[in-house]
Amino acid sequence: MALLEIKNATKAFGGLKANEDVSFDVEAGTIVGVVGPNGAGKTTLFNSISRTHDLTSGQIIFDGKDITKYKAYQACALGMGRTYQIPQALENMTVLENITIGALLKHSKVYEATEYAKEISAFCGLSELNEKMASGLNVMQKKRLEIARALAGDPKLLLLDETMAGLNGVERDEAIELIRRINKKGITILMIEHVMKVVMSVSSKVVVIVSGKKLMEGTPDEVTSNPEVINAYLGGGHNAGR
């Protein structure tokens with residue numbers, strides 16, 4: 001059963017079509033990767049899905065509801081969480097306070113939200129940093145906090161926007177393990193990722209976006225062996241294994 005359906009999504013900024021007629025489904029319980037060159041329109045698509053901005057045309061169906069005209073907070077309340085390529089933590093607050101704010105979406109009492117935030121922090125390996133100011137975190141820790149804040153809202157679908165960017169090999173492996181553990185909790189994941197090693201290792205399906213359009217979708221093996229994908233994305237000097 002599809003938890004998320006993207007139907008002919010088109011987003012234009014003036015005369016520029018950042019996304020054009022993009023369609024694909026995300027089945028409940030799966031991990032789906034979205035790949036493509038820089039400037040392909042991947043984050044624009046995420047912004048449309050999460051209702052950061054409106055589509056020019058097309059539909060977004062989430063959990064059986066047409067959310068095309070929803071506001072971002074309405075999509076969030078329905079069970080959609082997301083991270084950002086550049087972490088959006090409130091840097092003048094502690095790690096635990098940041099996660100607690102996310103937990104207040106589903107917990108009306110601050111005490112209950114804080115206790116749940118502690119559980120999420122532990123799950124994400126951040127417990128030792130609970131009292132540290134977010135401004136003092138390194139890149140990996142900020143990425144973890146971004147995920148924790150989204151998880152605190154108890155999402156059905158988690159949109160991950162390049163959570164591996166800026167991480168070294170060991171940190172990347174740890175992040176992959178966290179993504180797998182999140183998915184095992186029953187949370188569906190749609191992720192933008194440039195590191196093909198990551199996409200290959202965790203995704204059941206990969207959607208390739210090039211110049212704002214869907215080039216193809218398929219299993220990781222199908223995608224990485226497709227001549228059009230190799231030419232448009234994996235070739236041309238792009239380091240698929242980085």
Side-chain angles (χ1 to χ4, degrees), residues 26 29-40 42-43 45-46 81-89 91 95 98-99 120-130 132-152 155 157-185 187-210 217-226 229-242:
V26 178
T30 64
I31 301 177
V32 174
V34 178
V35 303
N38 288 329
K42 302 181 299 295
T43 295
L45 182 62
F46 260 37
R82 74 164 292 182
T83 68
Y84 292 84
Q85 186 177 347
I86 300 174
Q88 304 290 311
E91 298 205 338
V95 166
N98 267 274
I99 302 172
I120 296 298
S121 180
F123 180 82
C124 292
L126 293 170
S127 290
E128 293 182 358
L129 301 171
N130 277 349
K132 188 177 181 69
M133 299 300 290
S135 58
L137 302 180
N138 61 32
V139 173
M140 181 189 73
Q141 292 164 346
K142 286 183 177 181
K143 295 279 188 178
R144 285 287 177 107
L145 178 56
E146 188 78 357
I147 293 172
R149 290 171 67 231
L151 282 180
L157 172 69
L158 182 60
L159 307 178
L160 300 177
D161 192 349
E162 291 197 38
T163 56
M164 305 295 169
L167 303 187
N168 63 36
V170 174
E171 293 168 342
R172 190 181 297 163
D173 289 342
E174 291 174 351
I176 289 172
E177 177 57 29
L178 176 59
I179 288 170
R180 286 178 173 148
R181 288 194 290 116
I182 290 170
N183 185 238
K184 285 180 181 178
K185 287 170 65 73
I187 298 172
T188 305
I189 296 174
L190 179 64
M191 60 187 294
I192 293 173
E193 190 49 65
H194 274 294
V195 184
M196 288 303 293
K197 176 184 176 182
V198 174
V199 176
M200 290 286 288
S201 65
V202 301
S203 303
S204 58
K205 182 171 76 173
V206 179
V207 178
V208 183
I209 305 290
V210 176
E217 63 178 281
T219 66
D221 286 340
E222 289 171 342
V223 165
T224 53
S225 62
N226 183 286
V229 176
I230 293 170
N231 181 60
Y233 177 46
L234 300 180
H238 185 91
N239 183 358
R242 70 186 175 99

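- A heavy-atom distance below 4.5 Å is found between the side chains of Met164 and Ile179.
- When side chains are defined from C-beta on, Asn38 counts as touching His194, because their heavy atoms get closer than 4.5 Å.
- Closest heavy-atom contact between Pro37 and Ile209: CD-O, 3.5 Å.
- Screening Leu190, Ile192, Ile31, Ile147 for a side-chain contact (heavy atoms from CB on, under 4.5 Å) with Leu160, the sole residue that qualifies is Ile147.
- In this structure, Glu146 contributes its side chain and Tyr84 its backbone to a donor-acceptor pair below 3.5 Å.
- In this structure a side-chain-to-backbone donor-acceptor pair under 3.5 Å is present from Lys143 to Gln85.
- For Ser127 against Ala122, the heavy-atom pair with the smallest separation is OG-CA, 3.1 Å.
- No donor-acceptor pair under 3.5 Å is formed between the side chain of Arg172 and the backbone N or O of Val198.
- When side chains are defined from C-beta on, Glu91 counts as touching Lys142, because their heavy atoms get closer than 4.5 Å.
- Between Asn168 and Val170, the shortest heavy-atom contact is OD1-N, 3.1 Å.
- The CD atom of Glu177 sits 9.5 Å away from the CD atom of Glu174 when rounded to the nearest 0.5 Å.
- Nearest heavy atoms, Ala148 versus Ile120: O-CG2, 3.5 Å.
- Distance alone, capped at 3.5 Å, places no donor-acceptor pair between the Glu128 side chain and the Leu126 backbone.
- A pairwise comparison of heavy atoms in Val139 and Ala165 identifies CG1-O, 4.2 Å as the closest pair.
- Rounded to the nearest 0.5 Å, atoms NZ (Lys132) and CG (Asn98) are 13.5 Å apart.
- To the nearest 0.5 Å, atom CG of residue Leu158 and atom OG1 of residue Thr83 are 6.5 Å apart.
- To the nearest 0.5 Å, atom SG of residue Cys124 and atom CG of residue Leu145 are 9.0 Å apart.
- Taking CG of Leu151 as the start and CG of Leu178 as the end, the distance is 7.0 Å to the nearest 0.5 Å.
- Residues Thr30 and Thr188 form a side-chain contact, since some pair of their non-hydrogen atoms from C-beta on lies under 4.5 Å apart.
- For Ser203 (side chain) and Met200 (main-chain N/O), no donor-acceptor pair under 3.5 Å exists by modelled atom type.
- The distance from the CD atom of Glu171 to the CD1 atom of Ile176 is 12.5 Å, given to the nearest 0.5 Å.
- Between the Asp161 side chain and the Met191 main chain, no donor and acceptor come within less than 3.5 Å of each other.
- For the pair Asp173/Lys197, a side-chain contact is recorded, criterion being any heavy-atom separation below 4.5 Å from C-beta on.
- Under the 3.5 Å distance criterion, the side-chain polar atoms of Lys42 are left unmatched by any main-chain donor or acceptor of Glu193.
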